[in-house]
Protein chains: 2
Amino acid sequence: MSDASNPSLSRRERERRMRRRAMLDAASAVFAEKGFEQAPLDEIAERAEFGKGTIYNYFEEGKEGLLFALFDEAYDDLQALIRSNFEEAGDRSFRASFHNFVVESFTYYEEREDLFLNLIKESQRLCFSDDPEKTEYFRRQQQRTIEALASAVEAAAEEGDISPLPTRSVTYMLLEVVYDLIVHRSLNEHRDTTDATCLADVSLLHDAEAAADFLTTLLFDGLETRRDDSM
Amino acid sequence: MSDASNPSLSRRERERRMRRRAMLDAASAVFAEKGFEQAPLDEIAERAEFGKGTIYNYFEEGKEGLLFALFDEAYDDLQALIRSNFEEAGDRSFRASFHNFVVESFTYYEEREDLFLNLIKESQRLCFSDDPEKTEYFRRQQQRTIEALASAVEAAAEEGDISPLPTRSVTYMLLEVVYDLIVHRSLNEHRDTTDATCLADVSLLHDAEAAADFLTTLLFDGLETRRDDSM
DNA sequence: TCAGAATATGACTAATTAGTCATCATTTGA
DNA sequence: TCAAATGATGACTAATTAGTCATATTCTGA
């Protein structure tokens, strides 16, 4: 849709999309560095090599339009990642799909670090904003994200692969714990202190496989010692 | 320490603390309503019925000083809540302590809604700030919070009550899932739409016991169907 | 080639607000 | 009582910056 190099478009349209992309990339970098509210639009314009006024030709809503266009990308990617792991899971177990989803989420974060950082830093504030347009935006995106995973959770419960807990509650928690782990990882990267003391097992922070193993074990096997293991 | 009505203090000191408290309460309300960066100090002063300059006599760092004094309170309360549930657990099981901790966390959130909202809305942005003083503040508070719970997790693992997963990783996840559930709850309260669609089981959002049951079951029993249940 | 459409530009305006400090009010203790 | 210290005040300053728009530039199709 926004692929700037799509050859089926006129040069005019291709160039328009390339400029839009340059503006979004510049905005993502400046927002990630200074935070949305402290990021001057002039700096975004300068980094993208445009005049400030030009940005308003591409994003009528100005700074906020840029931010929400970035959020659109992040949510689209996340929802696509969920679908590719769970809806097209083939004959993998739900547990294996989840494990793979965690690994791929880590990879995605590495590829789009700035974008993800903007979501982390700004979304909670906006979720609780007084502007109903903004809260509605997040309600819809979160709803769509949950629905993308909920059908797979429901199917797994019907197959008897997982316990019959409330589907959407389980779905919500699965998504949150992955998010939490990625936040934790990027936080420890941001604090480049020598001691990454919060998660003592340092490998969880650098090795996506180790992190996925931990999360999957915790969530699927549970914390409590299993009696059938003890004999 | 900051108890404004402590009779062992001089009137002068008691009054000073009452004024400080009034300023913090006003700040908490205005921050919660408008967000820290959009909250004018004049409005805080007006609501607390002081001149703006007076606030600087009580909080040298101005607006930011108010915010971090509020964070201090939130973290102190949270750490006290953890200690009262886990360190002074008596002969309750770790699982029962956790269950009770979830219930009391919900209660705490209801009592200090504004304060908690400020933590939700502002902490991520500040955690990832460029100012090393701010990042260090959160690193220390989060470290202290984890340590408050880690010893109980370790003891439970040694007793064989929970699986021997990495202590601090487990501790971190336990705290995060409780936090997530409270955020979810306050988000659905904030969105006073008729359909609280995200967690289909609506009771999880209003009934602290039901929420604690769900979280405890999910984390301790695990998602995967247990074989020893099936016969 | 060129008229006119489309697009880019950045100086400017208007609004906001954090923090200061000269001044005024109150309290203290001798 | 009153002089000195302590505390409160809010008008003011200085800095920031979002969004506008008159002008300049580039592109398009005839």
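Heavy atoms only: backbone and side chains are in, while hydrogens, waters and symmetry mates are out. Proteins get letters first, then strands, A, B, ... in listed order; numbering begins at 1 in each. The structure displayed is predicted, hence computed values, not measured ones.
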Please tabulate, for the side chains in residues 56-64 of chain A, all donor-acceptor contacts under 3.5 angstrom to protein atoms that are two or more places apart in sequence or on a different chain.
residue: Tyr58(A); atom: OH; partner: Arg19(A); partner atom: NH1; Å: 3.3
residue: Lys63(A); atom: NZ; partner: Phe36(A); partner atom: O; Å: 2.9
residue: Lys63(A); atom: NZ; partner: Ala39(A); partner atom: O; Å: 2.8

- Task: Check whether any side-chain N or O of Asn57(B) sits under 4.0 Å from OP1 or OP2 of dA8(D), and answer yes or no.
- Result: yes

Practice problem: Please determine, by modelled atom types, if His184(A) and Asp180(A) share a side-chain donor-acceptor pair under 3.5 angstrom. | Solution: no

| query | Is it true that Arg16(B) and Glu13(B) have a side-chain N and a carboxylate O under 4.0 angstrom from each other? | reply | no

Rounded to whole Å, the CG-C1' distance (Asp42(B) to dA15(C)) equals 14 Å

Side chain to side chain contact (heavy atoms under 4.5 Å, CB included) filter on Leu78(A), not counting sequence neighbours, yields Ile82(A), Phe101(A), Thr145(A)

Thr216(B) meets the side chain to side chain contact (heavy atoms under 4.5 Å, CB included) criterion, sequence neighbours left out, with Arg95(B), Phe98(B), His99(B), Phe220(B)

Residues of residues 58-72 of chain B with a heavy atom under 4.0 Å from any atom of DNA chain C, listed by number, are Lys63(B)

Every protein N/O lying under 3.5 Å from an N/O of nucleotides 21-28 of chain C:
none

To the nearest angstrom, the CZ-C1' distance between Phe50(A) and dG19(D) comes to 19 Å

When rounded to whole Å, the NZ to P distance for the pair Lys52(B) and dT20(C) reads 10 Å

Taken to the nearest whole Å, CD1/Ile55(A) to P/dT9(C) is 10 Å

To the nearest angstrom, the CE-C1' distance between Met23(A) and dT7(C) comes to 11 Å

Rounded to whole Å, the CD-P distance (Glu43(A) to dG19(D)) equals 16 Å

The correct set of residues in residues 33-41 of chain B placing a heavy atom under 4.0 Å from DNA chain C is Ala39(B), Pro40(B), Leu41(B)

Across all chains, not counting sequence neighbours, the side chain to side chain contact (heavy atoms under 4.5 Å, CB included) partners of Ser151(B) are Glu87(B)

| query | Base, sugar-phosphate, or nothing for Arg16(A), non-hydrogen atoms under 4.0 angstrom? | reply | nothing

In whole angstroms, the gap separating C1' of dT9(D) from CD of Glu49(B) amounts to 15 Å

With sequence neighbours left out, the residues meeting ring pair (Phe, Tyr, Trp, His ring centres under 6.0 Å) with Phe106(B) are none

(request) Compare side-chain N and O positions of Arg19(B) against OP1 and OP2 of dA8(D) and report whether any pair is under 4.0 Å apart. (result) yes

Hits for ring pair (Phe, Tyr, Trp, His ring centres under 6.0 Å) against Tyr179(B), two or more places apart or cross-chain, chain-then-number order -> Phe116(B)

Whole-Å distance, Glu46(B) CD to dA8(D) C1', equals 16 Å

Side chain to side chain contact (heavy atoms under 4.5 Å, CB included) filter on Glu113(A), not counting sequence neighbours, yields Tyr109(A), Glu189(A)

Residue pairs passing the side chain to side chain donor-acceptor pair (under 3.5 Å) test with at least one member in residues 27-41 of chain B, sequence neighbours excluded, are Glu37(A)-Gln38(B), Gln38(A)-Glu37(B), Ser28(B)-Asn118(B), Glu33(B)-Arg47(B), Lys34(B)-Glu43(B)

Sorted by chain and residue number, the ring pair (Phe, Tyr, Trp, His ring centres under 6.0 Å) partners of Phe128(A) (sequence neighbours excluded) come out as His190(B)

